[in-house]
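The block underneath contains the structure these notes are about, expressed in structure tokens.
Chain identifiers are assigned alphabetically (A, B, ...) following the order of the sequence lines, protein sequences preceding nucleic acid strands; residue numbering begins at 1 within each chain.
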2 protein chains.
Amino acid sequence: MSVTADATERLIRIGEVARGAGVSVRAVRYYEQQGLLTAERSPSGQRLYRQEAISLVRFFQQMFAAGLTSRRITELLPCWDSGHTDAAQRAMLRVERDRIQARIEDLEAARDRLDEVIAITDTHP
Amino acid sequence: MSVTADATERLIRIGEVARGAGVSVRAVRYYEQQGLLTAERSPSGQRLYRQEAISLVRFFQQMFAAGLTSRRITELLPCWDSGHTDAAQRAMLRVERDRIQARIEDLEAARDRLDEVIAITDTHP
DNA sequence: CTAAAACCTGACGTTAACGTCAGAGGCAAG
DNA sequence: CTTGCCTCTGACGTTAACGTCAGGTTTTAG
């Protein structure tokens with residue numbers, strides 16, 4: 001599962017990446033601008049992506065949803081872009097994991113709070 | 001547990017509310033501006049709050065953390081401000097509860113994703 | 001009485017992840 | 001060849017919950 005380009009791989013344009021991942025074309029360009037995604041260019045200047053880009057964008061969306069910033073994601077990209085990680089990166093991974101876990105617990109508390117209100121308003125309309 | 005003011009209740013100023021709830025004074029003023037919180041005024045114009053305001057602000061924070069907007073919170077306030085709720089409000093409560101639940105599941109998926117990466121980078125440094 | 005601390009009302013600044021618009025070029029079909 | 005869709009590069013607009021600063025009044029501690 002090499003990450004390096006295969007000369008025979010079919011390259012796709014930005015619209016196909018966007019549709020495939022369920023985001024806007026603008027978003028894909030934004031990811032490139034933030035250093036999350038790189039693309040080759042056709043002679044005329046159009047961006048050309050490998051298939052992998054689609055799942056990568058989906059992954060970005062998932063991390064965004066989890067509250068990570070594009071900056072943080074950029075810093076953590078080497079962790080699965082290559083097998084090479086240092087201690088600092090592994091530490092950052094755990095920090096983010098724990099941050100997500102904490103947010104989950106906050107949300108569960110909020111949900112339980114709303115459940116109480118719902119129970120009261122249902123019994124007591 | 002009436003919500004109406006008790007003439008003998010000790011009123012507090014905005015700073016005490018902010019410290020008590022762990023937010024900024026600016027935030028408390030913002031909540032008033034958004035219609036989340038009301039205050040009496042002293043003759044000189046200073047805001048005076050009942051003790052209840054502190055737990056109310058804490059509750060706002062919890063709902064903000066859960067992704068509710070101040071607008072949504074305003075719409076749902078009658079659900080526990082008074083015992084009087086209509087069907088539309090109870091429906092909104094459930095919509096928000098389900099939204100939170102969905103976010104929890106998204107975050108759990110993101111957390112599990114990071115756990116995988118952590119496992120790999122730990123075994124495979 | 002005085003100085004510090006707290007409060008007041010505007011009103012502009014911040015941040016992140018895009019949306020949206022303008023103007024111009026590129027590409028497959030008929 | 002031209003029609004229609006896709007893509008390009010700027011560059012300004014959006015949103016939510018405040019931060020922050022200015023300039024002035026009020027309350028409190030000593």
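For residues 100-119 of chain B, the set of pairs meeting the ring-ring contact (aromatic ring centres under 6.0 Å, His included) definition, not counting sequence neighbours, is empty.
Residues near B/V95 contribute nothing to a hydrophobic cluster around it, because no ILVMFWY side-chain heavy atom sits closer than 4.5 Å to its side chain. Applying the under-4.5 Å side-chain rule to Ile, Leu, Val, Met, Phe, Trp and Tyr, the cluster around B/L11 extends to B/L48.
Rounded to a whole Å, the CG atom of B/L37 is 15 Å from the C1' atom of D/dC18. In this structure, OH of B/Y31 is placed 9 Å from P of D/dA17, rounded to the nearest angstrom.
A heavy atom closer than 4.0 Å to some atom of DNA chain D occurs in B/Q61, B/F64, B/L68, B/T69, B/S70, these being the qualifying members of residues 58-76 of chain B. Within residues 91-110 of chain A, no residue approaches DNA chain C, by heavy-atom distance under 4.0 Å.
A search for side-chain hydrogen bond (donor to acceptor under 3.5 Å, both in side chains) contacts involving B/R94 returns A/D122, not counting sequence neighbours. Listed by chain and number, the residues in a side chain to side chain contact (heavy atoms under 4.5 Å, CB included) with A/A66 are A/I100, B/L107, B/A110 (sequence neighbours excluded). A search for side chain to side chain contact (heavy atoms under 4.5 Å, CB included) contacts involving B/R19 returns B/E16, not counting sequence neighbours. Under the ring pair (Phe, Tyr, Trp, His ring centres under 6.0 Å) criterion, B/Y49 pairs with no residue at all, not counting sequence neighbours. Applying the side-chain hydrogen bond (donor to acceptor under 3.5 Å, both in side chains) test to B/E108 and every residue at least two apart in sequence or in another chain returns nothing.
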Reading 5' to 3' through nucleotides 7-15 of chain D, protein heavy-atom contacts under 4.0 Å coded B for base, S for sugar-phosphate only, - for none: SBB-B----

Listing, residues 28-38 of chain A side-chain donor-acceptor contacts under 3.5 Å, not counting sequence neighbours, or none:
unit_1	atom_1	unit_2	atom_2	d
A/Y31	OH	A/Q61	OE1	2.6
A/E32	OE1	A/R47	NE	2.8
A/E32	OE2	A/R41	NH2	3.2

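Of the possible donor and acceptor atoms, none in the side chain of B/E105 sits under 3.5 Å from a partner among the backbone N and O of B/A102.
In this structure, B/Y30 does not reach the D/dC18 phosphate: none of its side-chain N or O atoms is under 4.0 Å from OP1 or OP2.
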